[in-house]
Amino acid sequence: MNGKKTSPVILVTRKLPPAVEARIARDYECILNGDDRLYDDAELVDQSDGVDAIVCCHTEHFTRAVIGQLPDSVRAIVNFSVGVDHCDLEAAGSKGIVVTNTPDVLSDATAEITMLCMLGAARRAGEGFHMVRQDLWHDWSPTFMLGTQVTGKRFGIVGMGRVGQVAARRARGFDMEIHYHNRRRLAPAAEQGAIYHETLESLLSVSDVLSLHCPNNPDSRGLLNAERIGQLPDGAIVVNTARGAVVDDEALVEALGSDRIRAAGLDVFNGEPDGIHPAYRELGNVFVLPHLGSATVETRDAMGFRALDNLDAIFAGREPADRVT
Ligand code: 8YV
């Protein structure tokens, strides 16, 4: 930060797309993270000294302890993410800190990754990729590496929010029958023929592919546990592009190991990136990606601009469109 403070000072915790950084640097005095180094809690607090707002990602953990140590100058935590489970919203709210997120703009990209995870799991793409790249592929036969097709199967959605609804549309492209469980039933226009299940148990029993799209909160944490996995049809496929915390890893790994579950396609993990369950690196029937849900040029730009629209609103004294607390 150089010179006299003439505009709000913004801490940007991660390296954002160039067009987004150009806009924020044009409009604010900002502290960028050119090296894209991950700040630990202490650095996050140190870096916030003299700052009016923080633009951050899900990689920064705004726990009650961190929020408690933020200087009073911090008026807002402006997330470059739709998920806000890395922020203690109650702690932020009680300190008068506005928190915003970036909904909508990443729904298409995340639904694309959902399809990739579903197909990758159903058609054994991880194993096939490994065989070719490791020069382990030396034969073809009619029974070689058979997967299962998703066409015409039942696609069960947990959490029919923005991403869930786009995923439903994409799955319809495979002639899948759409089922969902949500806190509230959608209006018929949004449902588009999807079959509502009032209980999760009812949804599980018909889900040939179960796809998780709910946020990580106390109600959803560990939702896919051993008992619930037991309610899925034999040979079901599990897809997670929401948050690792929604899954009980021990239970899923056990079900994958015993082939109770045919395969899983996972883009998100408990303890990601370094502390993921080691079995996910080993099991052949798991198709894994490194949290790529929103990782397209178009989407990351849109997320950045949406975050900056929220930031601008806050400093213009307007209500930000995506205020979560
Ligand atoms: C983002 C996501 O890329 O927005 C979210 O909640 O999970 C991702 O797709 C990431 O969180 C950016 O901070």
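Both ligands and their constituent atoms are indexed starting at 1 by order of listing. Only heavy atoms go into these numbers, but all of them, side chains included; no hydrogens, no water, no symmetry mates.
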Next item on the list: Check the side chains of Tyr280 and Asp249 for a donor-acceptor pair under 3.5 angstrom, ignoring hydrogens and angles.
Entry: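 Tyr280 and Asp249 do have a side-chain donor-acceptor pair below 3.5 Å.
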Margin query: Between His181 and Glu201, is there a side-chain donor-acceptor contact under 3.5 Å, judged purely by atom types and distance?
Written below: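 Result is no, nothing qualifies.
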Next item on the list: May I have the step-by-step check of side-chain hydrogen bond (donor to acceptor under 3.5 Å, both in side chains) for Tyr180 and Gln165, ending in yes or no?
Entry: CA-CA 10 Å; Tyr180 75 100; Gln165 289 178 47; over 6 Å; no
Under-4.0 Å salt bridge between [X] and [Y]:
X	Y	value
Arg23	Asp309	yes
Asp104	Arg306	yes
Arg318	Asp312	no
Asp208	Arg154	yes

Identity and distance of the protein heavy atom lying nearest [atom]:
atom	result
atom 11 (O) of ligand 1	His58 ND1, 2.8 Å
atom 4 (O) of ligand 1	Val82 N, 2.8 Å
atom 7 (O) of ligand 1	Arg243 NH1, 2.7 Å

Item checked: Gap between atom CZ of Arg243 and atom CG of Asp85 - 0.5 Å precision ->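 If I round to the nearest 0.5 Å, the distance is 4.5 Å.
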Check: Out of Pro103, Ala295, Ser294, whose heavy atom is nearest to atom 1 (C) of ligand 1?
Finding: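 Closest candidate by heavy-atom distance is Ser294.
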Notebook entry, point to check: Applying a strict 4.0 Å limit to heavy atoms, is Arg14 in contact with ligand 1?
Noted result: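 No, Arg14 has no heavy atom closer than 4.0 Å to ligand 1.
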Please confirm whether [X] comes within less than 3.5 Å of ligand 1 when only nitrogen or oxygen atoms on both sides are compared.
X	result
His291	yes
Phe80	yes
Met303	no
Thr110	no

Check: Is it the side chain (CB and beyond), the backbone, both or neither of Leu106 that lies under 4.0 Å from ligand 1, heavy atoms counted?
Finding: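 Looking at Leu106 and ligand 1, just side chain atoms fall under 4.0 Å.
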Next item on the list: Give the numbers and elements of all ligand 1 atoms closer than 4.0 Å to a heavy atom of Gly83.
Entry: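 Ligand 1 atoms under the 4.0 Å threshold to Gly83: 4 (O), 5 (C), 6 (O).
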Checklist line | Those atoms of ligand 1 less than 4.0 Å from some heavy atom in Arg300 | finding: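 Counting atoms of ligand 1 from 1, those under 4.0 Å from Arg300 are 3 (O).
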